[in-house]
Protein chains: 2
Amino acid sequence: MRASSVDHYILQALEESSEHITSAQIYERVRAHLPAVNPSTVYRALERLAHNGKISISDLGRGAMVYQSMNAGAHDHLVCQRCGEIIHLEHDRFKEIFSALEAQYGYRMVTNHLVLWGLCPACQSESEAGG
Amino acid sequence: MRASSVDHYILQALEESSEHITSAQIYERVRAHLPAVNPSTVYRALERLAHNGKISISDLGRGAMVYQSMNAGAHDHLVCQRCGEIIHLEHDRFKEIFSALEAQYGYRMVTNHLVLWGLCPACQSESEAGG
DNA sequence: ATCGCAAATGCAATTCTTTGCATTATAATA
DNA sequence: TATTATAATGCAAAGAATTGCATTTGCGAT
């Protein structure tokens with residue numbers, strides 16, 4: 001496996017940002033160091049890093065995938081399908097199930113930024129009113 | 001809320017297929033009934049149906065979203081990040097956690113086709129061998 | 001230093017999905 | 001029937017992400 005400076009700057013961008021960031025944001029930050037870098041290079045690097053367990057990719061319903069370092073503490077998300085509100089959940093909540101799955105299927109669980117969808121209290125009310 | 005024949009044919013296509021199907025497959029089946037229908041109409045209908053809790057949308061890593069009827073029994077997926085193998089999980093496994101989340105946050109959980117990522121036994125070996 | 005291989009990259013094209021805007025269809029009301 | 005409001009649609013363009021292919025780069029072996 002060869003090191004890549006793109007990988008380095010991507011990881012740096014992810015470590016520096018406390019929140020999940022989009023590929024566009026990552027691309028901008030990489031470009032600050034490598035002005036001529038191509039978007040596809042960044043996408044490929046992101047895919048490679050995810051493949052190797054360095055980062056994780058989630059769809060939080062923002063229209064673009066968001067990325068985070070695996071070094072950041074594992075946490076999960078409860079997202080309102082309507083208004084997009086995001087609640088962060090302790091990953092410990094799922095540890096038991098994940099362990100059971102690993103034991104049962106021999107899988108090594110990779111997910112540590114699970115996304116659960118629901119309707120927040122406010123949007124439930126609107127939902128009942130509107131149909 | 002107005003009825004739409006597109007909605008009808010989409011639901012029909014989903015009920016007829018035991019497995020998750022892609023938007024392309026759905027589009028083809030709707031077009032069998034409405035030859036001139038536009039892709040964006042189908043995408044919008046899919047979004048609408050998901051919004052109204054009739055169907056669910058999942059990314060199973062196939063390069064395109066897959067769709068399923070909410071009438072199909074709730075089940076979740078354990079997907080190998082490398083080879084794409086899909087294991088179906090009983091949704092009951094998560095019922096307890098979901099109930100706890102609903103109680104704690106007042107959310108109504110919508111997810112019933114959760115996707116968990118991992119590495120299957122075979123791909124773990126390859127992973128250790130290859131780096 | 002040179003050679004050769006595999007990984008990484010650039011570029012353009014393609015695929016998948018969403019969005020803006022004008023138009024059409026539907027249902028309720030007058 | 002005519003009117004109005006809202007939902008659904010078509011079309012084209014934009015956005016997000018992936019892919020094919022040729023080129024370049026980095027590393028090890030010679």
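Numbers restart at 1 for each chain; the letters A, B, ... are given by sequence-line order, proteins then strands.
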Salt-bridge contact Arg93(A)-Asp76(A) (side-chain N to carboxylate O under 4.0 Å):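 No, this pair does not count.
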salt_bridge(Glu47(B), Arg44(B)) N-O dist < 4.0 Å: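 Here Glu47(B) does not pair with Arg44(B) in a salt bridge, since their nearest N and O are not under 4.0 Å apart.
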Could you tell me the separation between the [atom1] atom of [X] and the [atom2] atom of [N], rounded to a whole number of Å?
{"X": "Asp7(B)", "N": "dA8(D)", "atom1": "CG", "atom2": "C1'", "answer": "9 Å"}
{"X": "Arg62(A)", "N": "dA17(D)", "atom1": "CZ", "atom2": "P", "answer": "12 Å"}
{"X": "Glu47(A)", "N": "dA8(C)", "atom1": "CD", "atom2": "C1'", "answer": "13 Å"}
{"X": "Arg48(A)", "N": "dA6(C)", "atom1": "CZ", "atom2": "P", "answer": "17 Å"}
{"X": "Asp59(B)", "N": "dA17(D)", "atom1": "CG", "atom2": "P", "answer": "11 Å"}
{"X": "Ile57(B)", "N": "dC16(C)", "atom1": "CD1", "atom2": "C1'", "answer": "13 Å"}

Any side-chain N or O of [X] less than 4.0 Å from the OP1 or OP2 oxygen of [N]?
{"X": "Arg44(B)", "N": "dT18(C)", "answer": "no"}
{"X": "Tyr43(B)", "N": "dT18(C)", "answer": "no"}
{"X": "Ser4(B)", "N": "dT9(D)", "answer": "yes"}

Atom CD of Gln104(B): over 12 foreign heavy atoms under 6.0 Å: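 Result for CD/Gln104(B): enclosed.
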Test side chain to side chain contact (heavy atoms under 4.5 Å, CB included) applied to His33(B) - qualifying residues, sequence neighbours left out: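 Partners of His33(B) under the side chain to side chain contact (heavy atoms under 4.5 Å, CB included) test: Tyr9(B), Gln12(B).
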Residues touching DNA chain D, which here means a heavy atom under 4.0 Å, drawn from residues 25-40 of chain B: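 Of all residues in residues 25-40 of chain B, the ones placing a heavy atom under 4.0 Å from DNA chain D are Ala36(B), Val37(B), Asn38(B), Ser40(B).
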Intermediate values then yes/no, ring pair (Phe, Tyr, Trp, His ring centres under 6.0 Å), His75(B) and His88(B): CA-CA 7 Å; His75(B) 62 279; His88(B) 288 244; 4.8 Å; yes
Considering all heavy atoms, the nearest Val79(B)-Gly84(B) contact: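 Closest approach of Val79(B) to Gly84(B): CG1-O, 4.1 Å.
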Residues Tyr105(A) and Glu85(B): side-chain donor-acceptor under 3.5 angstrom: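 No pair is found: no donor N or O on one side chain lies under 3.5 Å from an acceptor on the other.
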Flag for Tyr43(A)-Ser23(A): side-chain donor and acceptor within less than 3.5 Å: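 Yes, because at least one side-chain N or O of Ser23(A) sits under 3.5 Å from a partner of the opposite role on Tyr43(A).
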Residue whose nearest DNA chain D nucleotide is more 5′ - Val66(A) or Thr41(B):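 By nearest-heavy-atom nucleotide position, the 5'-most residue is Thr41(B).
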Close residues, residues 8-16 of chain B, relative to DNA chain C [heavy-atom separation under 4.0 Å]: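 Close to the strand, none.
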